[in-house]
Amino acid sequence: SHYWEITEECVYTFNIPGNIFTTFNPFAILVTVANVILNGGGLTINGNAGEGSSGILVQNTSNVFITDFTIQEKEAGIVYDNVQYNSSQVVYNQVDDVTVDQNTYGIFLKDSENITVINSTMTSNTNSGLYSINTSESRIVDNYGENNRIGINLSDSKQNIIDSNIIEGSSVTGIQVQNIEDGVIENNIMRFGMGEGLSGIEGTNISILDNNASYNAGNGISLTQVANGNLSENILLRNENAGLNLNGISGLNISDNTIRSNLGHGISLQNSDSNNISRNTAEDNSLSGILLSNSDLNNLSENSVRENKGNGISLVDSNQNNLTNNDISSNEGNGIDLTRAIQNIILNNQVYLNQGSGIVLRISSTGNTLDSNVITNNEEYGLLISRSPDNTIRMNLISANQFNFKVEGETDADYYQNAQGNTVDTKSLFYLVNQSNATINESDNAGTVYCINCTNFSARDLNLTGNAY
């Protein structure tokens, strides 16, 4: 016979001479009955039967367990199509210890539920090692995938878990998820791919935890149009684009990730609002450690941003974000750089030893509050404000920079700032606006003095050093 059709519940063990079964039938094994165990005993199924062919087709049934097969040269190695789970049965829906090699799809799950794929190997499949669509409450655990176009590919699915898989050498994406809800992706390794390590497009309530996405030719992790969830404790190293690339996301907790030595930004947020970014390490990336572009209402706190080849933290066209208690040092650009960024709060940050300036506000970055930051030992300016009026600058400690403080502009309005309680090299920074009859003497311990649109102003016996003017 060129195929088996399983119509009775039973344990089926296959014993084929030579342990190879070659068939050009649309399927080698068809299962349409519940409570079945297929034990291949190491059987290899092959034979290119063209479009629509499968090695094992499980269809319109429930509770089917498959183990110990190798399946090659089919459109889909193993297919579960409309397979449900009946808790009263003794057999689980499970694919265990199979190898799917050189198929279009290694394993294909469709319109099914409660399926576990475990301890299996998926190699050189031209679309996906595992593809799952409209499948819920399933687990993909402890599998190995190599040289597939996409290692693991989930679409339109709910409440699935992808855990402890190793995916290497994918030509497009290691793990790809699209339009998923309440999913968990954890403890996976995605490396040496030609594209993204992990790609997520459209989803809600996703947890991405403890993964390692490294040495990929694209981004380590890339998410687009994802709302709510956790992205925590991942390791993203030496990817050829960004470590973490996020576009159109909201409501994510992005915390405790290690993002190092990527050739793009460490963390890049575009068009992304209302996220919490905390306790991440972004080091030695080729562009900024953290970039926000067209992104509002995000909280950045307690991040370590060091030794990046661009700026430490960059905000471009991004408004009403909070930057609090971050450690930003030894970057080749500026520590914190704002461009056209409005009403952001920069509070209690340590900004030091950057090769550019400590904090820069440029090109209409207005209405920002800089409060209680320590800005020291930067190679250019401690704080530079350029063509950006109406910021509040208070209680900052600025010291040991080449130039501690500078405001510059093209119009008088560019110089209007509210600056109070700041120090430069332990001396007071005086920033007077629209004042009359003011006098600053030696006893005022002034380190920097600005007097904007003042009348009848006098300064006597001052020793002002470390200033740009």
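What you see is a predicted model; the values in this text were computed from it and never measured.
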Interatomic distance, OG@S286 vs CG@N262, rounded to 0.5 Å, equals 8.0 Å

Do E168 and Y144 come within less than 4.5 Å of each other through their side chains, counting heavy atoms only?
yes

* Under 3.5 Å, is there a donor-acceptor pair between the N63 and N35 side chains? -> no

Note to self: Would you say that more than 12 heavy atoms from the other residues, nucleotides or ligands in this model lie under 6.0 Å from the NZ of K309, or not?
What the structure shows: yes

| said: Test side chain to side chain donor-acceptor pair (under 3.5 Å) on N349 and N326; report intermediate values, then the result. | reply: CA-CA 5 Å; N349 300 283; N326 300 286; 3.0 Å; yes

So ring-ring contact (aromatic ring centres under 6.0 Å, His included) across residues 248-281, not counting sequence neighbours, yields none

*asked:* Any heavy-atom pair between the side chains of R149 and T126 that's under 4.5 Å?
replied: no

When L300, N303, I328 are each screened for side-chain contact (heavy atoms from CB on, under 4.5 Å) with L323, the one that passes is L300

_Under 4.0 Å between a side-chain nitrogen and a carboxylate oxygen: does that hold for E283 and R260?_
yes

Check: Y3/E5 side-chain N/O donor and acceptor closer than 3.5 Å: no

In this structure, CG of D327 is separated from CD of E302 (nearest 0.5 Å) by 11.0 Å

Heavy-atom side-chain contact between Y80 and V95 under 4.5 Å:
yes

Rounding to 0.5 Å, atoms CG (N322) and CG (N344) come to a distance of 8.0 Å

Please tabulate, for side-chain N and O atoms in residues 129-137, each donor-acceptor pair with protein atoms closer than 3.5 Å (sequence neighbours left out).
from, atom 1, to, atom 2, distance (Å)
N134, ND2, D111, OD1, 2.8
T135, OG1, I133, O, 3.1

| ring pair (Phe, Tyr, Trp, His ring centres under 6.0 Å) evaluation trace for Y12 with W4 | CA-CA 11 Å; Y12 291 83; W4 290 276; 9.7 Å; no

So OG of S124 and CG of N148: to nearest 0.5 Å the spacing works out to 6.5 Å

Taken to the nearest 0.5 Å, the spacing of Q102 CD from N48 CG works out to 10.5 Å

What verdict does the side chain to side chain donor-acceptor pair (under 3.5 Å) test give for N245 and Q270, after you've listed the backbone C-alpha separation in whole Å, the side-chain angles of each residue and the deciding distance to 0.1 Å?
CA-CA 8 Å; N245 185 67; Q270 306 116 53; 3.0 Å; yes

Correct closest heavy-atom pair for L297 and N321 would be N-OD1, 3.2 Å

| Student check: side-chain heavy atoms of Q84 and E113 closer than 4.5 Å | yes

With sequence neighbours left out, the residues meeting salt bridge (charged side-chain N to carboxylate O under 4.0 Å, His left out) with R394 are D371

Scanning both residues in full, the closest heavy-atom pair of S301 with N276 reads OG-OD1, 4.5 Å

Minimum side-chain heavy-atom gap L338-I346 below 4.5 Å = yes

Exercise. Is there a donor-acceptor pair under 3.5 Å between the side chain of N348 and the backbone N or O of N373?
Worked result: no

Enumerate donor-acceptor pairs with a distance under 3.5 Å from any side-chain N or O in residues 15-22 to protein atoms, sequence neighbours excluded.
from, atom 1, to, atom 2, distance (Å)
N19, ND2, G41, O, 3.3
N19, ND2, G42, O, 3.2
T22, OG1, N46, OD1, 2.5

Which of I118, V117, I115, I37 passes side-chain contact (heavy atoms from CB on, under 4.5 Å) with Q94? Answer is I118

Applied to residues 34-57, the salt bridge (charged side-chain N to carboxylate O under 4.0 Å, His left out) test, sequence neighbours excluded, yields none

Closest heavy-atom pair, I167 versus G174, reported as atoms and distance to 0.1 Å, is CG2-O, 3.5 Å

V351 and G358 have their tightest heavy-atom pair at CG1-O, 3.2 Å

Exercise. Have S232 and S255 got a donor and an acceptor in their side chains that come within less than 3.5 Å?
Worked result: yes

Separation between OH (Y381) and CD1 (I398), nearest 0.5 Å, reads 13.5 Å

Next item on the list: Determine, for R340 against D317, whether the closest basic-nitrogen to carboxylate-oxygen distance falls under 4.0 angstrom.
Entry: yes

Applying ring-ring contact (aromatic ring centres under 6.0 Å, His included) to Y215 and not counting sequence neighbours gives F192

Less than 4.5 Å apart, side chain to side chain, heavy atoms only: is that true for L209 and E233?
no

Just do the side chain to side chain donor-acceptor pair (under 3.5 Å) check on T123 and D101 with the steps written out, would you? CA-CA 5 Å; T123 55; D101 174 58; 2.8 Å; yes

Item checked: Distance-only donor-acceptor check, side chains N331 and N354, under 3.5 Å -> yes

Here the pair of heavy atoms bringing I6 nearest to V33 is O-CG1, 3.7 Å

Practice prompt. Ignoring hydrogens and angles, state whether a donor on the side chain of N86 or S88 is under 3.5 Å from an acceptor on the partner side chain.
Written response: yes

Checklist entry - When the ring centroid of F65 is compared with that of Y92, is the distance short of 6.0 Å? => result no

- Query: Do F27 and V79 have side-chain heavy atoms sitting under 4.5 Å apart?
  - Reply: no

Tightest non-hydrogen contact, residues S314 and S288, listed as OG-OG, 2.9 Å

Check your understanding: How far apart are the C-alpha atoms of D284 and S261, what are their side-chain angles, what is the distance that settles it, and do they pass the side chain to side chain donor-acceptor pair (under 3.5 Å) test?
Key -> CA-CA 5 Å; D284 189 37; S261 301; 2.8 Å; yes

Flag side-chain contact, heavy atom, 4.5 Å: L223 against L231: yes

